[in-house]
Peer 1: 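Let me begin by handing over the structure; questions about it come next.
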Amino acid sequence: MCHFLLCLFSSTSMSFSGKYELESQENYEEFLTLIGLLNAKTDHKVITDVVQNGNDFEWTQSLPNWTWSNKFSAGKECELATMTGEKFKALVTLEAGKISVPFPKYNFTAEIVDDKLVMTCTTPGEKGVTFKRISKRI
C-alpha cells in the first residue's frame, strides 16, 4: 500500500516540470501595491520555468532584464529569496498536487490545472489581496 501511495505521489508531483508563459492574471497591481513593489509592474509576459526532480525544484521567473530563481525541496525548510533578493527560510509543502510557500508578506501556492500553471499569492489580514496568475505551457 505504501509503495502504491509513493507511486501515486510521484506521478502527480512530476507534472510541474515545463516552461510556461503568462496567459492571464487578477489583482496584479493591487498585490504589488500591498507588498510595496508597484515599481516592479510590467506589461511583459512573465515566463516561468520549472525543473522538478522528485521533491526537488528549481523555479525561475523571467522578463527581459530580470530573473528571479529559487531552488527548494518539498517537505523541507529551505532558504529562499523574495523578488527583491531578500533571503528567508520557510517550510515548503507539496500536498494534493499543490506547492505552498509562506513568503514573508504573502502565502504562495502553485498547482497544475488543465495543463496550466496556476499561481496564487494571498496577503494576510482583513484587507488582504489574492493575486492569481495563470500561465500556459509553451
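Computed over heavy atoms, backbone and side chain alike; hydrogens, waters and symmetry mates excluded. Quantities reported herein were computed from a predicted structural model and do not represent experimental measurements.
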Peer 1: Taking Ser100 for its side chain and Thr109 for its backbone only, find out whether a donor-acceptor pair lies under 3.5 Å.
Peer 2: no
Peer 1: Within the distance-only criterion (no hydrogens, no angle test), does the side chain of Asn27 pair as donor or acceptor with the backbone N or O of Thr130 below 3.5 angstrom?
Peer 2: yes
Peer 1: Check whether Gln52 reaches the backbone of Gly54 with its side chain - one donor and one acceptor, N or O, closer than 3.5 Å.
Peer 2: yes
Peer 1: Could you tell me how the ring of Phe31 sits relative to the ring of Tyr106: parallel (under 30°), tilted (30 to 60°) or perpendicular (over 60°)?
Peer 2: perpendicular
Peer 1: Between Phe72 and Leu91, is there a shared hydrophobic cluster once you connect ILVMFWY residues whose side-chain heavy atoms come closer than 4.5 Å?
Peer 2: no
Peer 1: Could you point out which residue of Glu21, Gln61, Lys19 forms a side chain to side chain donor-acceptor pair (under 3.5 Å) with Thr48?
Peer 2: Gln61
Peer 1: Check the hydrophobic clustering (I, L, V, M, F, W, Y; side-chain heavy atoms under 4.5 Å; chains of links allowed) and say if Val129 and Met83 are grouped together.
Peer 2: yes
Peer 1: Quick check: do Lys71 and Leu80 have side-chain heavy atoms less than 4.5 Å from each other?
Peer 2: no
Peer 1: For Asp56, check side-chain contact (heavy atoms from CB on, under 4.5 Å) against everything at least two apart and list the hits.
Peer 2: Ser73
Peer 1: Report the residue from Phe108, Tyr28, Phe103 that forms a ring-ring contact (aromatic ring centres under 6.0 Å, His included) with Phe131.
Peer 2: Tyr28
Peer 1: Hey, is the main chain of Thr82 close enough, under 3.5 Å, to the side chain of Trp68 for a donor-acceptor pair?
Peer 2: yes
Peer 1: Which of parallel (below 30°), tilted (30 to 60°) and perpendicular (above 60°) describes Trp59 and Phe16?
Peer 2: tilted
Peer 1: Does Ile47 sit in a hydrophobic cluster with other residues, and if so which ones, taking ILVMFWY side chains as linked at heavy-atom separations under 4.5 Å, directly or through other members?
Peer 2: Ile138
Peer 1: Let me check something: do Ile35 and Phe88 share a hydrophobic cluster, defined by ILVMFWY side-chain heavy atoms less than 4.5 Å apart, either directly or through other members?
Peer 2: yes
